[in-house]
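First the structure, in the form of structure tokens, and then the observations on it.
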Amino acid sequence: MTVARPIELLAPARDLACGFEAVRHGADAVYIGAPKFGARAAAGNPVDDIERLCDFAHLFGVRVYVALNTILRDEELAGAEALIHRLYRAGMDALIVQDMGITRLDLPPMPLHASTQADNCTPERVAFLRDAGFERAILARELTLEEIRAIAMHTPMTLEAFVHGALCVSYSGRCYLSAALCGRSANRGECAQYCRLPYTLTDADGQVLMADKHLLSLRDLNRSDELEAMMTAGVSSFKIEGRLKDVSYVKNITAWYRRKLDGVFARNPAFCRSSAGTSVPTFDPQPEKSFNRGFTSYFLHGRTSGITAFDTPKSVGEPLGTVKACQGKSFTLDSAKPVHNGDGLVFLNRRGELEGFRVNRVEANRIYPLHMPSLRPGTVLRRNCDKAFEELLSRPSAERRLSVELEFYDTPFGFALEATDETGARVIIVRPFEKTLSRKPVEEPLRMQLSRWGNTPFRPAGIEIRLHKSWFVPLSLAGEMRREAAEKLVRVRRMRYRRPQVRRDIYDTSVPCPSKRLDYTANVSNTLAEAFYASHGVEAVEPAFELAPRTDVPLMYAKHCLRYSLGGCPVHHGRKLPSCREPLFLTYRQTRLRLQFDCRECRMLVFHHPGDSR
């Protein structure tokens, strides 16, 4: 008999509240930022909050991973080591890291996950990280299904892949634009998001090819229709991006992917979920109602059009309808979807810019904005704030319960209640009681009393009452036994939970690194990271860009290619851009970037080009 492969839905937590809601709405694991050294500097969390999250999540077998995935300087290593031990004592299940120096610290016996910033792009790199001590690799977003399959066939390492959320235009860990232009390093959690700015694209002669467009901005990832294909390719953990997103985003997107994954499990017994409990949302999850710039599956099926968000880096929400007619301070809308007072609507104005307005009043299909925008008949409207939907999510919107089978029976000295949850955790509550026969039917009132599990992590899936005679059972006694059973089941579940443990002495610290020489893109910023690579046969290591900024190297490595977007890719379109001379440049105010196209690797390189910005 084939054993089903456990599949994990991994949700983000900006803070403790988001973490709780991720668990309630169906996550199998949650990732959250450490107090320091996380790749989202604005999403750090106190250790006490992480401990509370672990305590709650572990009740359902949900794991908690802590992101400590910036590169570190030598003077920060001791502090990082002490913090890791505090996090381990708090209950975390694994640590997400980019900096290889962390592997040479005195670590507790917990798994290490190689952050996507660790350049997890090839079978050789991922196999090396597995041999060097990592339990999991978080794959580059740019990989195709075939590339993922090749990695899975090359190593038994657990593979994690992003399925939803914002996309960085550069390969993660290989963007230095923010560090070069303003001293805020993405590898230190301080990205200034230069990729979301409007740029003008010109050629070497100053000819304008595109003006004031967000040419480095991508749509958001949505692979909810690709989950089974990704599982088959070898992915075991599906990651939702969003450690800076609010709680309504976490609720909606987690519930959506929970539903999609459960649908796969229902039709394909080769896969199963990796945590316990059933989440029941009070709303219909709809990903288009949460922050999004439009959706793409990115390069999962190879290079395709439709990955970019040139018009705006802001949320465009869901398609709503078209304007039929405008009259005074109102307009009529052709839409099958209801519009509510307070909704936020957006459209592209005549200048090609995203413009938004708030709905003040609705009468049938006539909309009265708070301030009438410059609409025309035929204008396409989208809704990026659904007031009614957000109000649903602002209230408690999901419960997660473990099913429990109950048996109530008599004993020679009284009564007993046996409770067994869906994972096999079991408790028996015994009460001595002098039995007397009841003059009324006892089974139905007793069943109702035993079904009231209220605000506990449990819900009764079946109640069996086995009494040799129709004994009188005080409902107050049954209620006390039920409450004690719930309390003891919680304690038993916590005792039964086992964190994954790792023996570090089984890893081969001498396994050769695929590259003998590493440049600045290896992000080596401390002596322990140097020592890590030296022990694996690396002969020369350049310092990280943050330690030794340079002007002669690419600041961004992007799979997104502007030549391709403009229909002038020599490989895919068989032609170059007409009537323009390379190199091409991107300009925003005083910032000028030069583009270089590496067709052999099928990527675009971005250089800083100070000087005349034309």
Side-chain angles (χ1 to χ4, degrees), residues 11 14 17-18 21-22 24-26 164-166 219-220 222 224 240 242 244-260 279-295 309 311-350 353-399:
R14 180 180 68 181
C18 286
E21 295 305 334
R24 291 187 181 110
H25 288 75
H164 200 94
R219 295 186 183 188
D220 284 3
N222 183 336
S224 56
I240 299 168
L244 294 178
K245 295 295 199 302
D246 61 21
V247 71
S248 66
Y249 175 95
V250 172
K251 288 181 173 185
N252 185 30
I253 303 304
T254 303
W256 171 253
Y257 279 89
R258 179 74 275 150
R259 175 184 292 179
K260 298 290 284 189
S279 296
V280 180
T282 61
F283 64 99
D284 182 26
Q286 300 173 66
E288 65 275 9
K289 288 186 178 292
S290 290
F291 184 103
N292 74 85
R293 303 175 178 92
F295 290 127
D311 291 321
T312 178
K314 299 178 182 178
S315 177
V316 297
E318 61 175 321
L320 186 60
T322 56
V323 175
K324 292 178 62 176
C326 300
Q327 184 177 5
K329 296 183 179 180
S330 67
F331 64 92
T332 54
L333 178 67
D334 183 8
S335 176
K337 300 177 180 180
V339 180
H340 315 101
N341 297 349
D343 281 358
L345 309 187
V346 295
F347 67 99
L348 289 176
N349 62 26
R350 299 180 187 184
E353 300 166 341
L354 192 74
E355 187 174 334
F357 61 93
R358 187 73 64 178
V359 174
N360 189 46
R361 190 168 87 254
V362 180
E363 295 178 0
N365 67 338
R366 181 163 291 279
I367 311 297
Y368 292 83
L370 191 60
H371 301 288
M372 185 67 180
S374 55
L375 295 173
R376 294 176 295 173
T379 298
V380 176
L381 291 180
R382 300 177 69 95
R383 173 166 52 196
N384 65 0
C385 179
D386 185 326
K387 182 72 171 177
F389 190 74
E390 290 298 321
E391 286 179 354
L392 276 176
L393 295 182
S394 69
R395 301 190 287 268
S397 52
E399 289 186 345

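Taken to the nearest 0.5 Å, the CG atom of N292 stands 8.5 Å off from the CG atom of N222. Summarising the geometry, atom CZ belonging to R366 is positioned 10.0 Å from atom CZ belonging to R361; distances are rounded to the nearest 0.5 Å. Here S279 contributes atom OG and R258 contributes atom CZ; the two are 7.5 Å apart, rounded to the nearest 0.5 Å. With rounding to the nearest 0.5 Å, the separation of NE2 in H164 from NZ in K260 is 12.0 Å. Note: I240 CD1 to K245 NZ = 11.0 Å, rounded to the nearest 0.5 Å.
Contact annotation: the side chain of R14 approaches that of D246 to within less than 4.5 Å [non-hydrogen atoms, C-beta and beyond]. Looking at R24 and P396, their side chains never come closer than 4.5 Å, going by heavy atoms from C-beta outward. In this structure the side chain of S374 reaches within 4.5 angstrom of the side chain of E355, judged on heavy atoms. The closest side-chain heavy-atom distance from D334 to N365 is not below 4.5 Å. Side-chain contact between S290 and W256 is absent, with no heavy atoms from C-beta onward closer than 4.5 Å. Side-chain atoms of L381 and F331, non-hydrogen and from C-beta on, do get closer than 4.5 Å to each other.
When atom types are taken as modelled, the side chain of T332 and the backbone of A325 share a donor-acceptor pair closer than 3.5 angstrom. Formation of a donor-acceptor pair under 3.5 Å by the S315 side chain with backbone atoms of R293 is not found in this model. Panel note: side chain N252, backbone Q286; a donor-acceptor pair is recorded below 3.5 Å. Between the N341 side chain and the V362 main chain, a donor and an acceptor come within less than 3.5 Å of each other. A donor-acceptor pair is defined here as one N or O able to donate and one able to accept, closer than 3.5 Å; no such pair exists between the side chain of T322 and the backbone of G378. Panel note: side chain R219, backbone A309; no donor-acceptor pair is recorded below 3.5 Å.
Shown are E391, E21, E390; of these, the side-chain hydrogen bond (donor to acceptor under 3.5 Å, both in side chains) with S248 is made only by E390.
K337 meets the side chain to side chain contact (heavy atoms under 4.5 Å, CB included) test with E318, L320, S335, R383; sequence neighbours excluded. Take V346 and apply the side chain to side chain contact (heavy atoms under 4.5 Å, CB included) test, not counting sequence neighbours, and it matches L354, R382, N384. The side chain to side chain contact (heavy atoms under 4.5 Å, CB included) check on A388 picks up H340, D386, with sequence neighbours excluded.
Taking each heavy atom of S330 and P369 in turn, the nearest pair found is CA-CD, 4.3 Å. Closest heavy-atom contact between F295 and P287: CZ-O, 3.8 Å.
Salt bridge D343/K387: absent, no basic N to carboxylate O contact under 4.0 Å. Looking at K289 and D284, no side-chain N of the basic residue comes within less than 4.0 Å of a carboxylate O on the acidic one, giving no salt bridge.
Ring geometry for H25 versus F283: interplanar angle of 30 to 60°, hence tilted.
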Discussion item. Quick one, F357 with L375, criterion side-chain contact (heavy atoms from CB on, under 4.5 Å). Give me CA distance, side-chain angles, the key distance, then yes/no.
Written reply: CA-CA 11 Å; F357 61 93; L375 295 173; 4.3 Å; yes
